Amino acid sequence: MAGDNGNKQNGTSFDLNDFTIIKEGDAEILMHAKNEVFYNNSQVNNRDMSIAVLRTFISQRKLEHDAMLARRTKAGNKAPNAKVENPGDSVQHNGESTDGSEVLKDASHGESSSIPVEQNKNLRGKGREELKPPRVLEALSASGLRALRYAREVEGISQVVALDNDKASVEACRRNIKFNGSVACSKVESHLADARVYMLTHPNEFDVVDLDPYGAPSVFLDSAVQSVADGGMLMCTATDMAVLCAANGEVCYSKYGSYPLRGKYCHEMALRILLASIESHANRYKRYIVPVLSVQMDFYVRVFVRIYTSASDVKNTPLKLSYVYQCIGCDSFHLQTVGRTVSKDKSVRCLPGFGPAVPQECSDCGKKFNMGGPIWSAPIHDQEWVAAMLANVKSMKERYPAYERISAVLTTISEELPDIPLFLSLHNLCATLKCTSPSAVIFRSAVINAGYRISGTHVNPLGLKTDAPMNVIWDIMRCWVRNHPVKAQPSDQSGSVILAKEPVLQANFARAVASLSQAQAKKVARFLPNPERNWGPKLRAGRQITSKHVSLLGPKALNAISNHGDGEGSNNENGDVSNHENGDGSNHENGNGSNHEDVEEPAAKRKKTEESDS
């Protein structure tokens, strides 16, 4: 660490008094008061979750490699001179390597090679038996805080490459690398480069690629899926939630290839649109994804997927995608898969999906349907990974600054039904019928007593995932309204049409044992409030900070800028900073140095500001 007030970097001296030291986890960064490099303190949740996933990935990767060596040894002992059915067989997902080594398999037909074991070893080279430490690429690094935390906190990483195409960001990153001492200097390297070009020119080189742009990641996906090694991990954030949540459906379609729908499930649909887009880019290179964790937190969505190579498994992609039909009058929605399979004579053929999944008019209320998608309708989490991550987080809670938040999110995810896309909102169901709402426990009990499964969702505290069809859901609500009558409504309203029908199912509202999840029964906090005001997205780097940004930055940050006497900043709005929504910008996680934690705001002024905000 730099101990004096002055320091030199690349022959240029700088005064530490001009910077604020921000500490997060084991890393510290120097932030200038001007908004030159992006930093957002609320992204600590994002970084902590990424570290938890990365630790689990490294341990899982080691287990997979050990299992592969054990299988290879066992096969060699049984038939040392025999031909190998799956030569070089590493621990595989659907027959594909997860250790980053080549699978000696015909990529077009999925046929196994007939290369003897000894020849296979020679092909692979002498050092291929050893599992090399993973290399990490942070494609949009800005101040480098994320890269520094990876290097200093995650054991087993050999190298972290931090990219940015903004000179100010690269200078800040290199300054922070030196400020964090020998460990950071030996593991982290910073480059001034276009992330897209760099990833395209380094195919299959990184075990982990982290994309966390300011805005949409869509322009980086094509190169990112090529840069990840086979069996490696792609971490991807999208902060353009207005686009993904149907405020601009046509823009979403142009960026991600899916049309979003408005509904309470829109944030989960955003996750599934992003996954479908990544899968589409991967398929172009005979690759496919396996999601291990997909989360919606704060103001963004973030997905963690493993990427494998297999031309035969890519054919199953249409089975994982679905179109969504959403009724415009009630809360009924239906999914239709893009493809289906037919088995004949021990062979499986992929065919187009049957349709339409719904009639022209909703069978519940008689209104029309909007159609959205395609979205990823396969599971978005791997529950074994989630359990491992949750155990790791709890065992090392002092190492996670955002422990309370990420443990709450992982706990809720661990109790989700993994095979149910999207969810219902109990309040929306009641709003359609204009009735009082049953408690979540009563509604859950009725669904369970009817023979179906139900769970919560981490996306919405009021959301309910269930495999019960919509006609069963409405029958339960009809039985509820029969016991809790509502005022007469116009006959053409959706609620009136639904209630006019007699229920086929007689709901049982007796409390079921499984109506509360384990976390709820133990009163574990699952949805926590924001730790402070103005917790959310921050101003793009390079923008001039003025009083109009109080809603984003808060009065404390604005006071820090004015006290510094330099608040106008030297960068113009469209100038040198490259974290442009469709460019190669500085990462949205790293660098709005205007949030000085040590600047206190006068109580009277703070109270006045709070009153005006409210």
Side-chain angles (χ1 to χ4, degrees), residues 49-68 88-103 105 107 124 128 130-140 146-147 150-151 154-163 187 195-196 198-212 217 220-237 274-275 277-294 302-311 313-314 381-382 384-385 388-389:
M49 188 71 77
S50 302
I51 288 172
V53 172
L54 194 50
R55 284 174 174 150
T56 305
F57 170 71
I58 291 173
S59 61
Q60 185 69 20
R61 184 171 172 264
K62 179 69 166 59
L63 291 174
E64 291 171 352
H65 182 73
D66 292 343
M68 176 269 292
D89 189 22
S90 59
V91 174
Q92 297 181 1
H93 181 94
N94 294 336
E96 293 310 313
S97 168
T98 60
D99 66 346
S101 57
E102 322 69 60
V103 177
K105 194 174 181 180
R124 290 178 172 277
R128 289 298 182 95
E130 297 181 3
L131 181 65
K132 294 182 180 180
R135 298 177 67 218
V136 180
L137 173 66
E138 190 193 0
L140 305 153
R146 184 184 297 261
Y150 287 169
V154 183
E155 296 180 3
I157 289 179
S158 64
Q159 182 188 36
V160 182
V161 177
L163 304 179
K187 288 188 176 182
R196 294 168 296 182
Y198 190 92
M199 289 188 288
L200 283 173
T201 53
H202 294 77
N204 298 297
E205 285 196 14
F206 294 96
D207 301 287
V208 179
V209 172
D210 193 324
L211 289 178
D212 194 1
F220 301 105
L221 295 179
D222 198 78
S223 50
V225 296
Q226 298 178 69
S227 187
V228 180
D230 195 31
M233 177 80 72
L234 173 63
M235 307 175 175
C236 181
T237 301
L274 178 57
L275 289 171
S277 181
I278 297 173
E279 172 81 348
S280 174
H281 285 281
N283 287 172
R284 298 164 198 175
Y285 307 100
K286 300 179 181 179
R287 313 192 91 180
Y288 65 98
I289 68 170
V290 178
V292 297
L293 181 69
S294 307
R302 184 157 172 85
V303 298
F304 303 85
V305 301
R306 299 189 71 177
I307 295 182
Y308 300 91
T309 305
S310 170
D313 284 321
V314 165
H381 315 294
D382 184 320
E384 291 184 3
W385 276 67
M389 280 182 270

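For clarity, every value in this text was computed on a predicted model and none was experimentally measured.
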Distance (rounded to the nearest 0.5 Å) between [X] [atom1] and [Y] [atom2]:
X	Y	atom1	atom2	value
Leu54	Arg61	CG	CZ	10.5 Å
Phe304	Leu293	CZ	CG	5.5 Å
Glu205	Leu137	CD	CG	9.5 Å
Lys132	His65	NZ	NE2	11.5 Å
Arg55	Ile157	CZ	CD1	9.5 Å
Arg146	Ile51	CZ	CD1	8.5 Å

Output yes when a side-chain donor or acceptor of [X] lies under 3.5 Å from a complementary backbone atom of [Y], and no otherwise.
X	Y	value
Asp207	Arg135	yes
Glu279	Ile289	yes
Asp230	Thr309	yes
Ser59	Thr56	yes

Checking side chain to side chain contact (heavy atoms under 4.5 Å, CB included) for the pair Ile58/Val154: CA distance, chi angles, key distance, verdict? CA-CA 9 Å; Ile58 291 173; Val154 183; 3.5 Å; yes
Least distance between heavy atoms, [X] atom then [Y] atom:
X	Y	value
Leu140	Ala195	CD2-CB, 4.3 Å
Leu211	Ala139	CD2-CB, 3.6 Å
Trp385	Met233	CZ3-CE, 3.7 Å
Gly156	Pro134	O-CD, 3.1 Å

Is there side-chain contact between [X] and [Y], with at least one heavy-atom pair below 4.5 Å?
X	Y	result
Val136	Phe206	no
Asp210	Tyr150	yes
Gln226	Leu200	yes
Ser310	Lys286	no
Lys62	Leu131	yes
Val305	Val292	no
Val225	Tyr285	yes

Start with the C-alpha gap between Met235 and Val209, add the side-chain angles, then the distance that decides, and say whether side chain to side chain contact (heavy atoms under 4.5 Å, CB included) holds. CA-CA 6 Å; Met235 307 175 175; Val209 172; over 6 Å; no
Going by atom types alone, do [X] and [Y] pair a side-chain donor with an acceptor below 3.5 Å?
X	Y	value
Ser294	Arg302	no
Ser280	Arg284	yes
Arg196	Ser223	no

Stepwise side chain to side chain contact (heavy atoms under 4.5 Å, CB included) check, Cys236 with Leu221: CA-CA 9 Å; Cys236 181; Leu221 295 179; 3.9 Å; yes
Can Arg306 and Asp382 be counted as an ion pair, charged N to O under 4.0 angstrom?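 Judged by the 4.0 Å cut-off on N to carboxylate O distance, Arg306 and Asp382 do not form a salt bridge.
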Going through the checks in order, is the salt bridge (Lys or Arg N to Asp or Glu O under 4.0 Å) test met by Asp313 and Arg287? CA-CA 8 Å; Asp313 284 321; Arg287 313 192 91 180; over 6 Å; no
Which residues share a ring-ring contact (aromatic ring centres under 6.0 Å, His included) with His281, sequence neighbours left out: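 Partners of His281 by the ring-ring contact (aromatic ring centres under 6.0 Å, His included) criterion come out as none, since no residue qualifies.
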Residues Glu138, Val161; criterion side chain to side chain contact (heavy atoms under 4.5 Å, CB included); working and verdict: CA-CA 6 Å; Glu138 190 193 0; Val161 177; over 6 Å; no
Mind telling me whether Tyr198 and His202 have parallel, tilted or perpendicular rings, with 30° and 60° as the class edges?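 The arrangement is parallel - the two ring planes meet at less than 30°.
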